[in-house]
Participant: 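Right, I'll just put the structure down here and ask away after.
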Amino acid sequence: MTQTRTPMVAGNWKMHKTVAEAQILAREICRGLPVPLTVDVVVAPPYTALTAVAREIQGSPLALAAQDVFWESQGAFTGAISPMMLTDAGCRLVIIGHSERRQYFGETDDSVNKKIKAALQAGLTPIVCIGETLAQREAQETLTIIASQLNNGLLGLGPAEVGRLVMAYEPVWAIGTGRTATPAQAQEVHHFIRHWLRDQVGSTVAEGLRILYGGSVTPENIRDLMDAPDIDGALVGGASLQAASFLKIVALGA
Ligand code: 13P
């Protein structure tokens, strides 16, 4: 992590927590945030808990994110949620292109691209997820895959738009497996992403943009990951479901 970028720790609650459970977790996180807070802290509950969590965190530095969004603003799209519905529910950010969306729900770089543009239009900060599968890593295709996800996912975005993104590198083989990327493995890809961004939109934007790491982040490994120069925070799954472990990651991620 380089000092010029404010670290970010985001908890992706995935398909966990009822409304009541989400309220309790959000309350516990708010109460336990370090003072002063030198990290941007974000929680991404399921859609059903967004408004309740928004109320719970009102007046706190905790920011609310959704886990996905659709690109259309309204219409006959059964089951979909628009960017404006998310801002209306109190969201400031939205996770886009998570590998679980790609794997189970047919998300593609093209849909990611549309969602990013729609989210930006609505004033949301997209947290854009990219990452390779184990088979792709073993075939030495990691950087090719990352480049293609960047080329297609960020297609048509200018420097000002890219500057409003948060990127998240989440190797699929590290998600929920307990098999964290080593700081060196993550740093290699984070550096590659920043270099790609520098080529596309210039060094000012590239140096200012945060690149989070996600995949089995815990209080035990966050410090070493954050020591890598291009890792600017974490997107946390399992360890974000309990206030104690999430707050430890927040404290150590500063
Ligand atoms: P885990 O921290 O459970 O591996 O999940 C990471 C993730 O997918 C966050 O978006």
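Residue numbers count from 1 along this sequence.
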Participant: Quick check on Arg164: does its CZ atom have over 12 non-hydrogen neighbours (other residues, nucleotides or ligands) under 6.0 Å away?
Facilitator: yes
Participant: Are Val166 and Leu212 side-chain neighbours, meaning at least one heavy-atom pair lies under 4.5 Å?
Facilitator: yes
Participant: Taking it one step at a time, do Val189 and Thr142 satisfy side-chain contact (heavy atoms from CB on, under 4.5 Å)?
Facilitator: CA-CA 8 Å; Val189 179; Thr142 299; 4.0 Å; yes
Participant: Answer yes or no: does atom CD of Gln242 have more than 12 heavy-atom neighbours from other residues, nucleotides or ligands under 6.0 Å?
Facilitator: no
Participant: Which pair of non-hydrogen atoms, one from Val250 and one from Pro34, has the smallest distance, and what is that distance?
Facilitator: CG1-CD, 3.9 Å
Participant: Under a 3.5 Å distance rule, please check whether Asn221 uses its side chain to pair with a backbone N or O of Ser216 as donor and acceptor.
Facilitator: yes
Participant: Run Thr133 and Trp173 through side-chain contact (heavy atoms from CB on, under 4.5 Å) and show every step you take.
Facilitator: CA-CA 6 Å; Thr133 63; Trp173 48 271; 5.9 Å; no
Participant: Given the rule in the side-chain contact (heavy atoms from CB on, under 4.5 Å) test, do Thr218 and Ser245 qualify, once you have shown the distances and angles that lead to the verdict?
Facilitator: CA-CA 7 Å; Thr218 64; Ser245 48; over 6 Å; no
Participant: Do Thr6 and Asp40 have side-chain atoms, one donor and one acceptor, less than 3.5 Å apart?
Facilitator: no
Participant: Quick check with a 6.0 Å cut-off and a 45 degree axis cone: is Lys114 positioned over the face of Trp71's six-membered ring?
Facilitator: yes
Participant: If I take atom CG from residue Asn151 and atom CG from residue Asn113, how far apart are they, to the nearest 0.5 angstrom?
Facilitator: 11.0 Å
Participant: Between Leu50 and Leu86, is any pair of side-chain heavy atoms under 4.5 Å apart?
Facilitator: yes
Participant: Taking all atoms of both residues into account, what is the closest heavy-atom pair of Gln149 and Gly131, and its distance?
Facilitator: OE1-N, 2.9 Å
Participant: Under 3.5 Å, is there a donor-acceptor pair linking the side chains of Ser111 and Glu107?
Facilitator: yes
Participant: Suppose we screen for side chain to side chain donor-acceptor pair (under 3.5 Å). Which residues come up paired with Arg179, at least two apart in sequence or across chains?
Facilitator: none
Participant: Considering non-hydrogen atoms only, spot the tightest contact between Phe246 and Val42 and give its length.
Facilitator: CZ-O, 3.7 Å
Participant: Working note: His98 + Glu170, criterion side-chain hydrogen bond (donor to acceptor under 3.5 Å, both in side chains); need CA distance, chi angles, decisive distance, verdict.
Facilitator: CA-CA 8 Å; His98 192 281; Glu170 296 206 310; 3.0 Å; yes
Participant: Is there a path from Met226 to Tyr213 through hydrophobic residues (I, L, V, M, F, W, Y) whose side chains come within less than 4.5 Å of each other?
Facilitator: yes
Participant: Would you call Arg5 and Glu207 a salt bridge, taking side-chain N to carboxylate O under 4.0 Å as the test?
Facilitator: yes
Participant: Would you find a donor on one side and an acceptor on the other, under 3.5 Å apart, between the side chain of Glu28 and the backbone of Leu25?
Facilitator: no
Participant: What residue pairs, at least two apart or across chains, pass ring-ring contact (aromatic ring centres under 6.0 Å, His included) with a residue in residues 8-32?
Facilitator: none
Participant: Would Arg210 and Met167 satisfy side-chain contact (heavy atoms from CB on, under 4.5 Å), going step by step from the backbone distance to the final call?
Facilitator: CA-CA 6 Å; Arg210 285 167 303 184; Met167 296 302 302; over 6 Å; no
Participant: Keeping the roles fixed (side chain from Ser99, backbone from Arg102), state whether a donor-acceptor pair exists under 3.5 Å.
Facilitator: no
Participant: With sequence neighbours excluded, tell me which residues meet side chain to side chain donor-acceptor pair (under 3.5 Å) with Tyr169.
Facilitator: Glu132, Arg137
Participant: Hey, any chance Phe70 and Ile96 share a hydrophobic cluster, counting ILVMFWY side chains that come within less than 4.5 Å of each other, even indirectly?
Facilitator: no
Participant: In the single-linkage hydrophobic clustering (I, L, V, M, F, W, Y; side-chain heavy atoms under 4.5 Å), do Val9 and Ile231 co-cluster?
Facilitator: yes
Participant: For the CG atom of Leu225 and the OG1 atom of Thr180, what is their distance to the nearest 0.5 Å?
Facilitator: 7.0 Å
Participant: Using side-chain heavy atoms (C-beta onward) and a distance below 4.5 Å, is Val162 in contact with Gln200?
Facilitator: no
Participant: In Å and rounded to the nearest 0.5 Å, what is the CG to NZ distance from Asp68 to Lys115?
Facilitator: 3.5 Å
Participant: Test of understanding: clusters of I, L, V, M, F, W, Y form through side-chain heavy atoms closer than 4.5 Å, transitively. Do Ile193 and Leu235 belong to the same one?
Facilitator: no
Participant: Hey, what do you get for CG (Leu165) to OG1 (Thr125), rounding to the nearest 0.5 Å?
Facilitator: 8.5 Å
Participant: State whether the side chain of Glu138 and the backbone N or O of Ala135 hold a donor-acceptor pair below 3.5 Å, judged by distance alone.
Facilitator: no
Participant: Within the structure provided, determine whether Leu33 and Leu247 are in side-chain contact (heavy-atom separation under 4.5 Å).
Facilitator: yes
Participant: What are the two closest heavy atoms between Pro126 and Leu120, and how far apart are they?
Facilitator: CD-CD2, 3.6 Å
Participant: Is the closest side-chain heavy-atom distance between Leu197 and Val205 below 4.5 Å?
Facilitator: no
Participant: Would you indicate whether the side-chain heavy atoms of Val172 and Gln136 approach each other to under 4.5 Å?
Facilitator: no
Participant: Trp196 and Leu143: same hydrophobic cluster, using ILVMFWY side-chain contacts below 4.5 Å?
Facilitator: yes
Participant: Would you compute the distance between atom CD1 of Ile130 and atom CG of Asp109 and round it to the nearest 0.5 angstrom?
Facilitator: 9.0 Å
Participant: Taking C-beta and beyond as the side chain, do Ile116 and Val128 meet within less than 4.5 Å on heavy atoms?
Facilitator: yes
Participant: Taking side chain to side chain contact (heavy atoms under 4.5 Å, CB included) as the criterion, tell me which of Asn152, Leu150, Thr144 meets it with Ser148.
Facilitator: Asn152
Participant: Restricting to non-hydrogen atoms, name the atom on Ala239 and the atom on Ile249 that form the minimum distance, rounded to 0.1 Å.
Facilitator: CB-CD1, 3.8 Å
Participant: Quick check: does any side chain N or O of Glu56 sit under 3.5 Å from a backbone N or O of Ile24, one acting as donor and the other as acceptor?
Facilitator: no
Participant: Between the side chain of Glu161 and the main-chain N/O of Gly158, is any donor-acceptor distance below 3.5 Å?
Facilitator: yes
Participant: With rounding to the nearest 0.5 angstrom, report the CD to CD1 distance, Gln67 to Ile81.
Facilitator: 12.0 Å
Participant: Among His195, His190, Gln187, find the one that has a side-chain hydrogen bond (donor to acceptor under 3.5 Å, both in side chains) with Asp230.
Facilitator: Gln187
Participant: So do the side chains of Ile95 and Cys129 get within less than 4.5 Å of each other, counting heavy atoms only?
Facilitator: yes
Participant: Any sub-3.5 Å donor-acceptor pair from Tyr104's side-chain atoms to Gly106's backbone N or O?
Facilitator: no
Participant: Passes salt bridge (charged side-chain N to carboxylate O under 4.0 Å, His left out), Arg194 versus Asp232? Steps please.
Facilitator: CA-CA 11 Å; Arg194 203 176 303 284; Asp232 307 313; 2.7 Å; yes
Participant: Of all heavy-atom pairs between Ser240 and Gly11, which one has the smallest distance, and what is that distance?
Facilitator: CB-CA, 3.5 Å
Participant: Taking CD in Gln121 as the centre, count heavy atoms belonging to other residues, nucleotides or ligands within less than 6.0 Å. Is the count above 12?
Facilitator: no
